[in-house]
Amino acid sequence: MKLVAANAVHPDRAAVVVTHDSRVFHFADVIAHMDDGRIVKTERNGKREIQS
Amino acid sequence: MQENQSIAISCRGVHKHFGDGTRVQALRGVDFEARLGELTFIVGPSGCGKTTLLSVITGLLDPSDGEVELFGSNAGRLPANQRILFRRENIGFVFQQFNLLPALTAAENAAVPLIAAGMKRTEAVDRAKALLDQLGLRFTSRGWSSATSRLPRLITRPGTL
């Protein structure tokens, strides 16, 4: 996940990760929560961990 | 950059069902956006529709209803051959499984998308090696890692990963 967060995120690219592993949620800028086929909540993570 | 220009992926009212009769409703009207320069997570319990949504976004599955746009284009309306090209040029996948070809070196594995896009093999492998170096992953043998499996998806510099 560190490699993806450090290298995949780019001003000309949208990176989307599908996971249910809450241990990596801190890498996200935005978290869209799904349940039963719907997006039930979308939250912006102001404390995204940026790896170099 | 204007607000709407930063939207790379847009889903509106997306439904997806499988089967007839006692069909499974995997997506029930999803509205979703992902913006350029951002890392967006889709999270939720197993079976909630995460992978189905990603498959619909990337064109691996057709939505049963609703609109999916990537960079303002609805790839689902393109003829099949153009759709494949659109996906190759604009979308990169990183799978949880490695999906590497065991007969190839790490650099050759990373070069596969470039070769598929028409680049000469030597040039493609050289670019792959440069990317391996850039990421601090020097492989000279047929060994690889999960990190290597991500390279084929980064090397074509897709707009969506």
Side-chain angles (χ1 to χ4, degrees), chain A, chain B residues 1 6-9 11 14-17 24-55 57-58 70-71 90-92 94 96 131 134-137 145-151 153-154 157-161:
Chain A
M1 197 59 237
K2 287 181 181 177
L3 184 71
V4 171
N7 295 280
V9 180
H10 185 275
D12 295 327
R13 180 184 298 133
V16 178
V17 171
V18 164
T19 183
H20 49 72
D21 187 347
S22 61
R23 294 173 300 176
V24 299
F25 285 6
H26 58 281
F27 286 104
D29 291 304
V30 176
I31 303 175
H33 296 263
M34 283 194 80
D35 192 23
D36 197 22
R38 297 183 179 90
I39 303 281
V40 294
K41 183 174 72 173
T42 301
E43 59 183 335
R44 185 162 286 277
N45 179 13
K47 298 179 180 176
R48 178 184 165 232
E49 180 175 330
I50 299 172
Q51 301 288 328
S52 59
Chain B
M1 184 179 289
S6 70
I7 297 173
I9 301 166
C11 299
V14 171
H15 290 255
K16 179 65 183 175
H17 58 77
V24 175
Q25 285 279 0
L27 300 177
R28 301 166 182 262
V30 171
D31 295 316
F32 172 79
E33 287 180 352
R35 295 176 182 275
L36 295 173
E38 291 189 342
L39 183 55
T40 301
F41 278 26
I42 302 171
V43 307
S46 294
C48 72
K50 304 185 296 295
T51 302
T52 301
L53 176 58
L54 193 67
S55 299
I57 288 170
T58 53
L70 270 70
F71 311 107
N90 292 287
I91 302 171
V94 177
Q96 192 167 13
L131 186 56
Q134 183 186 328
L135 297 175
L137 302 166
S145 69
S146 61
T148 312
S149 72
R150 283 142 173 83
L151 294 180
R153 287 68 183 174
L154 288 171
R157 303 183 182 119
T160 303
L161 185 74

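Letters A, B, ... are given to chains in the order of the sequence lines, protein chains preceding strands, and every chain is numbered from 1.
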Do [X] and [Y] make a side-chain contact, defined as non-hydrogen atoms from C-beta onward lying under 4.5 Å apart?
{"X": "B:Phe71", "Y": "B:Leu36", "value": "yes"}
{"X": "A:Phe27", "Y": "A:Val17", "value": "no"}
{"X": "A:Val18", "Y": "A:Met34", "value": "no"}

| task | Kindly indicate, with the supporting measurements, whether the criterion side chain to side chain contact (heavy atoms under 4.5 Å, CB included) is fulfilled by B:Ile57 and A:Val16. | result | CA-CA 10 Å; B:Ile57 288 170; A:Val16 178; 5.5 Å; no

| request: With a 4.5 angstrom heavy-atom cut-off, could you sort out which part of A:Val24 is near chain B: side chain, backbone, both or neither? | output: both

| query | Is chain B contacted by the side chain of A:His10, its backbone, both, or neither, given a heavy-atom distance below 4.5 Å? | reply | backbone

| message | Below 4.5 Å, heavy-atom pairs only: which of A:Ile39, A:Asp35, A:Asp36, A:Asp21 has the largest tally toward chain B? | response | A:Asp36

| Polar side-chain atom of A:Arg38 near backbone of B:Gly29 as donor-acceptor pair, under 3.5 Å | no

| Side chain / backbone / both / neither for B:Glu38 at chain A, heavy atoms under 4.5 Å | both

| note | Per-residue tally against chain A (heavy atom, under 4.5 Å) across B:Thr40, B:Leu27, B:Val14 peaks at B:Thr40

